[in-house]
There are 2 protein chains.
Amino acid sequence: METPSLTARMRLLVTGELTGAALRLMAADGFDAVTVDQIAATAGVSRRTFFRHFASKEDVVVRLLTDMGGDMAATLAARPESEPPSLALRHAVTAPIAACAGHAGDALPVVRLVLTTPALLARFLERVSAWQDELTAALAARAGLGADDLRPRLAAGTALSAFGTVLHRWVASEGAEDPLALTEAAFTVIGPVLDAVRR
Amino acid sequence: METPSLTARMRLLVTGELTGAALRLMAADGFDAVTVDQIAATAGVSRRTFFRHFASKEDVVVRLLTDMGGDMAATLAARPESEPPSLALRHAVTAPIAACAGHAGDALPVVRLVLTTPALLARFLERVSAWQDELTAALAARAGLGADDLRPRLAAGTALSAFGTVLHRWVASEGAEDPLALTEAAFTVIGPVLDAVRR
DNA sequence: GTCTACTTGACACTCAGTGACACCATGCGC
DNA sequence: GCGCATGGTGTCACTGAGTGTCAAGTAGAC
């Protein structure tokens with residue numbers, strides 16, 4: 001079915017309305033000053049409905065960012081085994097970066113909000129940590145390394161550190177610098193560590 | 001004054017009582033199942049007093065860990081300029097690791113609790129992110145690099161990624177592996193990236 | 001003794017998040 | 001057309017985190 005059933009589309013509609021309302025309000029007053037009641041009222045639904053679509057107030061904002069990298073580990077696993085880890089990891093991390101670069105007008109305020117709001121940053125980093133677990137497992141499987149080897153986790157952490165550094169620099173430059181170019185530059189620096197993941 | 005004034009000592013006493021109560025309760029029932037009221041009651045103080053000593057429920061646990069690395073950037077800044085960045089960063093990160101290794105019996109359950117509880121992990125990573133900012137500034141100052149150079153932030157992130165990896169492995173091994181040996185092994189892998197921070 | 005500074009307990013309040021129940025629309029078998 | 005299951009929604013009520021305020025108690029300075 002190409003149309004994901006009416007109910008699914010309505011769900012997307014409400015979700016989008018809620019995120020839009022949340023972002024508009026938070027851009028004006030900041031994350032903490034906006035209550036869930038305000039977001040729900042602005043979107044025209046009840047407070048309870050908000051929590052049927054999002055697990056928490058942070059979730060509205062953070063999910064925008066984390067949805068982009070949801071299949072990071074899958075991307076890595078899909079890369080050919082012959083590819084060096086540094087290149088495979090770069091491809092995995094590039095997906096969300098490219099998504100940001102492609103919607104700079106929408107994404108930049110969101111990323112800025114997340115990186116500058118402690119509560120949002122905390123939740124975002126927790127998600128990134130989950131990505132690290134997934135990437136670590138995928139890297140270990142690729143290289144045939146055991147769970148006691150430090151290198152897969154180090155490589156995953158270093159690659160995600162590059163991801164964060166790119167986002168940071170992108171926001172700091174107000175979107176002036178090209179995220180993809182920044183990613184390339186970052187991976188040029190960290191490449192040697194990533195390619196240490198060999199049997 | 002060698003005795004930090006009676007009031008300061010009493011403050012430490014209450015704080016210690018609260019953290020002890022929190023850890024005992026959470027070790028038994030988990031972080032989420034324990035309420036601030038229970039912690040305060042167990043420690044023999046009022047709920048309000050709890051929040052005069054800790055900013056949040058997460059703070060009781062996370063502060064134990066983050067206090068160890070509070071002067072990470074200061075340690076880095078105190079290292080001789082001639083020292084290669086990889087060695088200076090390793091010294092900076094070793095301080096909290098050594099503290100963990102020195103009090104394995106007390107620290108291991110705390111680290112395990114933090115790494116396995118989403119809310120605690122989120123707050124911990126937020127603190128680590130602040131360390132990254134500080135280390136980045138110190139590294140840039142050491143090398144005389146501008147704020148637009150990716151390398152200081154990449155190096156700081158990579159070093160802290162090693163820090164996290166060591167903690168992860170330490171917990172996964174139930175404390176069997178030596179944290180200092182793990183740190184040395186990790187920094188051997190990431191060394192090249194850290195030493196890329198040169199003018 | 002008194003005054004000041006600091007901590008505490010008690011109370012009240014906002015807000016995040018959850019559970020329970022009733023309501024309503026769509027879709028399906030009869 | 002009718003009855004019925006399903007899934008989203010609104011309302012209400014509740015727990016728990018976190019904050020502001022005020023009164024009371026105590027150590028230390030004068």
Side-chain angles (χ1 to χ4, degrees), chain A residues 1 3-19 21-23 25-26 28-63 113-114 117-124 126, chain B residues 1-19 21-23 25-26 28-63 113 117-124 126:
Chain A
M1 50 179 77
T3 49
S5 81
L6 180 62
T7 59
R9 276 182 294 157
M10 285 187 65
R11 190 173 175 80
L12 278 180
L13 199 71
V14 176
T15 305
E17 201 68 26
L18 281 168
T19 54
L23 289 181
L25 291 170
M26 290 177 186
D29 300 347
F31 175 81
D32 296 314
V34 178
T35 70
V36 174
D37 293 79
Q38 290 174 20
I39 301 171
T42 305
V45 297
S46 76
R47 208 175 75 91
R48 194 67 185 83
T49 294
F50 175 92
F51 285 107
R52 288 196 178 97
H53 287 260
F54 300 102
S56 68
K57 199 173 85 170
E58 290 90 356
D59 196 27
V60 196
V61 186
V62 170
R63 192 184 291 183
L113 189 64
V114 170
T117 306
L120 292 175
L121 179 61
R123 285 293 157 189
F124 173 64
E126 183 206 334
Chain B
M1 48 179 83
E2 56 193 24
T3 49
S5 80
L6 180 61
T7 59
R9 277 183 294 158
M10 284 186 64
R11 190 173 176 79
L12 278 180
L13 199 71
V14 177
T15 305
E17 202 67 27
L18 281 168
T19 54
L23 289 180
L25 291 170
M26 289 176 186
D29 300 347
F31 175 81
D32 295 314
V34 178
T35 71
V36 174
D37 293 79
Q38 291 175 20
I39 301 170
T42 305
V45 297
S46 76
R47 208 176 74 91
R48 192 67 185 82
T49 294
F50 175 92
F51 285 107
R52 288 199 179 95
H53 288 259
F54 299 101
S56 67
K57 199 173 85 169
E58 290 91 356
D59 195 28
V60 197
V61 186
V62 171
R63 192 184 290 183
L113 190 64
T117 307
L120 293 175
L121 179 62
R123 285 292 156 189
F124 173 63
E126 182 207 333

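Convention: sequence-line order gives letters A, B, ...; per-chain numbering from 1. No hydrogens, no waters, no symmetry mates; every other heavy atom, side chains included, goes into these values.
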Side-chain contact check for B:Ser46: nearest option of D:dA17, C:dG9, C:dA16 is C:dG9

Taking for A:Phe54 and for B:Val14 the nucleotide of DNA chain C with the nearest heavy atom, the one nearer the 5' end belongs to B:Val14

(Q) Please tell me if A:His53 has a side-chain N or O lying less than 4.0 Å from either OP1 or OP2 of D:dT9. (A) yes

Atom CD of A:Glu58 and atom P of C:dA16 are separated, to the nearest Å, by 10 Å

From CZ of A:Phe51 across to C1' of D:dG16 the rounded distance in Å is 13 Å

Separation of D:dT15 atom P from B:Lys57 atom NZ, nearest Å, is 16 Å

When rounded to whole Å, the CZ to C1' distance for the pair B:Phe50 and D:dG16 reads 13 Å

Here the distance between atom C1' of D:dT15 and atom CD of B:Gln38, to the nearest Å, is 12 Å

Separation of C:dT8 atom C1' from B:Leu18 atom CG, nearest Å, is 12 Å

Would a 4.5 Å heavy-atom cut-off, applied to side chains only, mark A:Val61 and A:Arg123 as touching?
-> no

query = Can you tell me if the side-chain N/O atoms of B:Thr49 get under 4.0 Å from OP1 or OP2 in C:dG9?
reply = yes

Exercise. Do the side chains of B:Phe54 and B:Thr15 get nearer than 4.5 Å, heavy atoms only?
Worked result: yes

From CZ of B:Arg123 across to P of D:dA17 the rounded distance in Å is 14 Å

In whole angstroms, the gap separating C1' of C:dT7 from CZ of B:Arg48 amounts to 12 Å

Correct closest heavy-atom pair for B:Phe31 and B:Ala119 would be CE2-CB, 4.1 Å

For B:Lys57 and B:Val34 the tightest heavy-atom approach is NZ-O, 2.8 Å

By nearest-heavy-atom nucleotide on DNA chain D, the more 5' of A:Arg52 and A:Arg47 is A:Arg52

